[in-house]
Engineer: 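One structure, pasted below without further comment.
In what follows, chains carry the letters A, B, and so on, assigned in the order in which the sequence lines appear, proteins first and then strands, with residues in each chain numbered from 1.
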Amino acid sequence: MLDIVVIRRDPDRVRCSLRRRGLDPSVVDEVLRMDSEYRSALASVEETKAEKNRLSGEIGKARDKAAAAAAARPTLDGLAERIARAEERARAFAPDEAGSPLRALLEQMPNLLDDSVPDGRGEEDNVVLRTWGTPPSFDFPPKPHWELGETLDVIDFQRARHLSGSRFSVLKGQGARLSRALVQFFLDRANARGYVEVAPPYLVTRSTMWSTGQLSKFADAMFRDADTDLYLIPTAEVPLTALHRDEILDVDTLPRKYVAYTACFRKEAGAAGKDTRGLVRQHQFDKVELVWLCEPDRSFEALEQLLGDASSLLQELELPHRIVAVCSNDVGFNGAKQYDVEVWLPSANTYREISSCSNCTDFQGRRAGIRFRTAKGKLQPVHTLNGSGLAIGRTLLAIVENFQHKDGTVSIPPALRPYTRFDALRRE
RNA sequence: GGAGAGGUGGCAGAGCGGUUGAAUGCGGCGGUCUUGAAAACCGCAGAACGCGAUGAGCGUUCCGGGAGUUCGAAUCUCCCCCUCUCCUCCA
């Protein structure tokens, strides 16, 4: 959630950010109008209450309290009525009142874009910053992972459909072991880089979900149990970021770096017909997620480190990939700045997202009430960052496709062999 | 699922319906002392929002959340939420 004070003081900055995201900047004027409505109502509430408090205090000090109360009665009744009226008016536009229209507008406003984010209308305008490795050239027609997976008997899409419907998969034998090896590999690397490993719940409450910004825009994208009102996490970003919700963190303990392996659950309702084959887009997938909580003036530097942590994994796995600066219209709702790491997929003959690293600045910290005390003693929301390190399914399919051989076997990247304990996928 | 206990400031922990925004302890900040540090001692310190110049200052609200009683509620009543303990069930 944006700081309403920023909207008030620097509306042009907010308008500009919205415009760059391809959104209508006129909400800013709506917000300003309601906000001034609210403040004038609030002023009259407070003024009237001050008067009432003063009278009450006098009654408390009077020797004959009953008599004083009786004497003040008519005045107090009048004040009470005025307070009730003004309060009603104030409440209608209060930014922190659940049902208020101002709140509704604020909730749907995305984070302010950082100036360094390139302009662009969509994915195609993302800027490639650097490319690592060379896409493999095959002297035979390379197969997509879903074919290789079935042939090797390590991925079973058909039985997954039978069990759970579309967009699910079953990993078997070496496939399941490869997946587990990747989890272990990623967690070990993150641990080595100072991330504290966390095994969080996969179900979280509505307020947890709200606190990290997932509920404003993506409510439809999540699985939820109606009885308990619990949500299945769409990413470990949610429990990791909200881990310190409503806490005041000692500044000496910042930055805090957390890593978690979890399953992730997404309805993918808006992606009908997209990526229907293979492991790319599933209702349930595994991911190792990296999250930082840090001081505001360090967060952009932290984003570079986070990106480095994510991309180094692909280097170790010898998977060709590139880093793109996500353009203004493509940066996520929570993010002020975002990099995507894209891995080469022979079946698509292009690069596909395997990690997304975002600096959410204070957007989530404010909602979630995660704060620290500045040197001057002021409380301030922390900045939060998150990035995949990495998506397990997409890494697995990238390995299968990039390291395939003519005979249908697949080599395991050397760095991973201590984890898999086998050096190739073969039909068993 | 059943029974009980409890939710107060960064933490711990008091609080007859009327200067209690809240004792006390720890922690924090500033100072005295010290070559420095520790200890000891003295002092300062809650949060959100609004007005104001992003200052001084002023005001309102806040003791889990919401309603109520009252001129006045942390303190009384009702509802909800959460946590803890015990029992039951269970990986």
Engineer: Give me, pair by pair, the N or O atoms of the protein and of nucleotides 51-57 of chain B that are less than 3.5 Å apart, along with how far apart they are.
Structural biologist:
| residue | atom | partner | partner atom | Å |
| --- | --- | --- | --- | --- |
| B:rC51 | OP1 | A:R39 | NH1 | 2.6 |

Engineer: Would you mind reading off the distance between A:D250 atom CG and B:rG10 atom C1', rounded to a whole angstrom?
Structural biologist: 9 Å
Engineer: Over how many whole Å does the gap from A:K49 atom NZ to B:rA73 atom C1' extend?
Structural biologist: 14 Å
Engineer: Using atom P in both nucleotides, what's the gap between B:rC76 and B:rC90 to the nearest angstrom?
Structural biologist: 41 Å
Engineer: Would you find a donor on one side and an acceptor on the other, under 3.5 Å apart, between the side chain of A:R224 and the backbone of A:L230?
Structural biologist: no
Engineer: Would you mind pulling out the nucleotide paired to B:rC89, Watson-Crick or G-U wobble, both distances under 3.5 Å?
Structural biologist: none
Engineer: Would you kindly check if the NZ (Lys) or CZ (Arg) of A:R367 is within the cone defined by 45 degrees around the ring axis of A:W210 and under 6.0 Å from the six-membered ring centre?
Structural biologist: yes
Engineer: I'd like the P distance from B:rG31 over to B:rC49, given in whole Å.
Structural biologist: 30 Å
Engineer: Can you tell me how far P of B:rG9 sits from CD of A:E247, to the nearest Å?
Structural biologist: 14 Å
Engineer: Would you tabulate the nitrogen or oxygen pairs shorter than 3.5 Å linking the protein to nucleotides 43-48 of chain B?
Structural biologist:
| residue | atom | partner | partner atom | Å |
| --- | --- | --- | --- | --- |
| B:rA47 | OP1 | A:R373 | NH1 | 3.4 |

Engineer: Is the ring centre of A:Y258 less than 6.0 Å from the ring centre of A:H244?
Structural biologist: yes
Engineer: Can you tell me the Watson-Crick or wobble partner of B:rC76, both distances under 3.5 angstrom?
Structural biologist: B:rG68
Engineer: If I pick the C1' atom on B:rA22 and the same atom on B:rU77, what distance separates them, to the nearest angstrom?
Structural biologist: 23 Å
Engineer: Please tell me whether A:E237 and A:Q364 have a donor and an acceptor in their side chains that are separated by less than 3.5 angstrom.
Structural biologist: yes
Engineer: Please compare A:I4 and A:E46 by the position of their nearest nucleotide in RNA chain B and report the one closer to 5'.
Structural biologist: A:I4
Engineer: Could you check how far OH of A:Y38 sits from C1' of B:rG50, rounded to whole Å?
Structural biologist: 7 Å
Engineer: Let me confirm one number: the CD-CG distance from A:E304 to A:L385, rounded to the nearest 0.5 Å.
Structural biologist: 10.5 Å
Engineer: How long is the line joining CG of A:D35 and P of B:rC49, in whole Å?
Structural biologist: 12 Å
Engineer: Let's test this: given Watson-Crick or G-U wobble pairing with both distances under 3.5 Å, identify the partner of B:rG59.
Structural biologist: B:rC49
Engineer: Please check if any side-chain donor atom of A:N359 sits under 3.5 Å from a side-chain acceptor atom of A:T361, or the reverse.
Structural biologist: no
Engineer: From the list B:rC49, B:rG10, B:rU60, which nucleotide is the closest neighbour of the side chain of A:I248?
Structural biologist: B:rG10
Engineer: To the nearest 0.5 Å, tell me how far A:D250 CG sits from A:R256 CZ.
Structural biologist: 8.0 Å
Engineer: Should B:rA37 form a Watson-Crick or G-U wobble pair with both distances under 3.5 Å, which nucleotide is its partner?
Structural biologist: none
Engineer: Let's test this: given Watson-Crick or G-U wobble pairing with both distances under 3.5 Å, identify the partner of B:rG6.
Structural biologist: B:rC82
Engineer: Taking a pair as Watson-Crick or G-U wobble with both distances under 3.5 Å, which nucleotide is matched to B:rU20?
Structural biologist: none
Engineer: Determine the interatomic distance between P on B:rA53 and the same-named atom on B:rC62; round to the nearest Å.
Structural biologist: 28 Å
Engineer: Could you give the distance separating B:rU34 and B:rA39 at their C1' atoms, to the nearest angstrom?
Structural biologist: 11 Å
Engineer: Provide the distance between the two P atoms, one in B:rC16 and one in B:rA23, to the nearest whole Å.
Structural biologist: 14 Å
Engineer: Starting at CE of A:M34 and ending at C1' of B:rG50, how long is that distance when rounded to a whole Å?
Structural biologist: 20 Å
Engineer: Considering only atom P, compute the distance from B:rG46 to B:rG52 and round it to an integer number of Å.
Structural biologist: 24 Å
Engineer: What is the distance, rounded to the nearest whole Å, between atom CZ of A:R103 and atom P of B:rC49?
Structural biologist: 14 Å
Engineer: Taking the same atom, P, in B:rG59 and in B:rG7, what whole-Å distance lies between them?
Structural biologist: 32 Å
Engineer: Please state whether the rings of A:F168 and A:H283 are parallel, tilted or perpendicular, taking 30° and 60° as the class boundaries.
Structural biologist: tilted
Engineer: Can you establish whether the number of heavy atoms outside A:E47 located under 6.0 Å from its atom CD is more than 12?
Structural biologist: no
Engineer: Between A:E87 (CD) and B:rG66 (C1'), how many Å, whole number?
Structural biologist: 14 Å
Engineer: State, without any angle test, whether A:Y195 and A:D309 hold a side-chain donor-acceptor pair at a distance under 3.5 Å.
Structural biologist: yes
Engineer: Taking atom CG of A:L290 and atom CG of A:L240, what is their separation to the nearest 0.5 Å?
Structural biologist: 9.0 Å
